[in-house]
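Right, one structure below, let's go through it.
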2 protein chains.
Amino acid sequence: MRTPYTSGSLTRERVLNAALVLAERDGLERLSMRQLARELDVSPMALYRHVTNKEDLLDGLIERLLAELRLPDDSLGWEQRLRMLADELRALAHRHPGLFGLLLQRRAVGAQATRPRESVLRALRDGGLDPDAAARRERLLSTVIMGFALSEVAGRFAGVDVEQEFEEALSLLAGLAVAS
Amino acid sequence: MRTPYTSGSLTRERVLNAALVLAERDGLERLSMRQLARELDVSPMALYRHVTNKEDLLDGLIERLLAELRLPDDSLGWEQRLRMLADELRALAHRHPGLFGLLLQRRAVGAQATRPRESVLRALRDGGLDPDAAARRERLLSTVIMGFALSEVAGRFAGVDVEQEFEEALSLLAGLAVAS
DNA sequence: ACCTGAACACCGTTCAAGT
DNA sequence: ACCTGAACACCGTTCAAGT
């Protein structure tokens, strides 16, 4: 990054970047409009040019997080694609432990949210599920994987071999993914 | 209830009851110490006699919620017990849609939290799992069931046949519960 | 023993005003 | 066009004081 988020004119991107840094550094509960403004050396109201309110700020952060997900190429086998997506989600949780909970707390509505979902749906349909069943299975899988990842970064697996646990959960889910 | 929560002397129980009513009526985000005090016709500081701080209030609410869970009798078959526990958790989510999210948000630490967990562990061990595997499986199952219940009350399944979805998820989990 | 008032250091957001 | 200051209606919590 050439320009730190504290120089130049304010943009939505700079506001979101600063919010991400602040939330990751001090915790999500410390992310306030006023603290964020201080971080950017600007009055609190200046933020409202780029974000309609705090809700919008949080939605923007979710979009930013989801945009980081690398999606598997559709030419790969569907099982491999699901596995890659699970790993990507878990890696995202590790990269942003303080923010990942947002994804489970608030429903993702923006454009970025549909990208990974569509990728999972394609994989499940390639695995032989009809569209309806695939939609149901997608919700179940994403709930499990995100719940697992969140539990992990929230320290709920303290003192456990997380890798083994994840592998075990995945191998169970693998059988589950397309079983009638 | 003979005595509404606004009469008589303040107790921890009355504070928690009022907090539950308030959170369920106006939403968890509106549950504040000050609003709660207003509800109880008392100064905000009076609450601090019965609750060390807001964290403690929220932990108390979690304990209250978990205490409502009816646990299956251990003489029943282990599969039936798991099924009953899943139904109970889902029913709890329906009874307290505004508060249920607390259970996933903060780690349950109190005495009531171990009751359902122990019940699940006994069922899984009766199903043939060794203690270690049972512990892992318990975390996976509770994550899935609570994630499902939360998604449901949070409206993430809007426009879907939730009953069918739950049955399908459970039947998948059933195979999953003790498969090697 | 139990409760209160005033105070401190915060919030999100609106609105009129400044450049 | 973009930002600010002052203001409003809130927070959680401490501390000294009241009964």
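Letters A, B, ... mirror the listed sequences (proteins, then strands); counts begin at 1.
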Is any side-chain N of the basic residue among B/Glu39 and B/Arg25 closer than 4.0 Å to the acidic one's carboxylate O? yes
Return the minimal non-hydrogen interatomic distance between B/Ala134 and B/Leu124, and the atom names on each side. O-CD1, 3.5 Å
Each nucleotide of nucleotides 6-19 of chain D classed B (base within 4.0 Å of a protein heavy atom), S (only sugar-phosphate) or -, in 5' to 3' order, makes BB---BBBB-----
Quick one about B/Glu68 and B/His96 (side-chain donor to acceptor, distance below 3.5 Å, no hydrogens or angles considered), yes or no? yes
Would you indicate whether A/Glu167, at its atom CD, is surrounded by more than 12 heavy atoms from other residues, nucleotides or ligands within a distance under 6.0 Å? yes
Against the side chain of B/Arg49, the closest entry in D/dT4, C/dC2, C/dT4 is C/dC2
Kindly check if the number of other-residue, nucleotide or ligand heavy atoms within 6.0 Å of CZ (A/Arg95) is above 12? yes
Watson-Crick and G-U pairing of DNA chain C written in dot-bracket, each distance under 3.5 angstrom, with | for inter-strand partners: ||.|||||...|||||.||
Note: A/Arg83-A/Asp87 ion pair, threshold 4.0 Å (strictly below): yes
Roughly how far apart, to the nearest Å, are C/dC3 and D/dC15 at atom C1'? 14 Å
Can you confirm whether B/Arg70 is buried at CZ, in the sense that more than 12 heavy atoms of other residues, nucleotides or ligands lie under 6.0 Å from that atom? no
On a heavy-atom basis, the closest approach of A/His50 and A/Asp56 is O-OD2, 4.5 Å
Length of the CG-P vector between B/Leu40 and C/dC2, whole Å: 16 Å
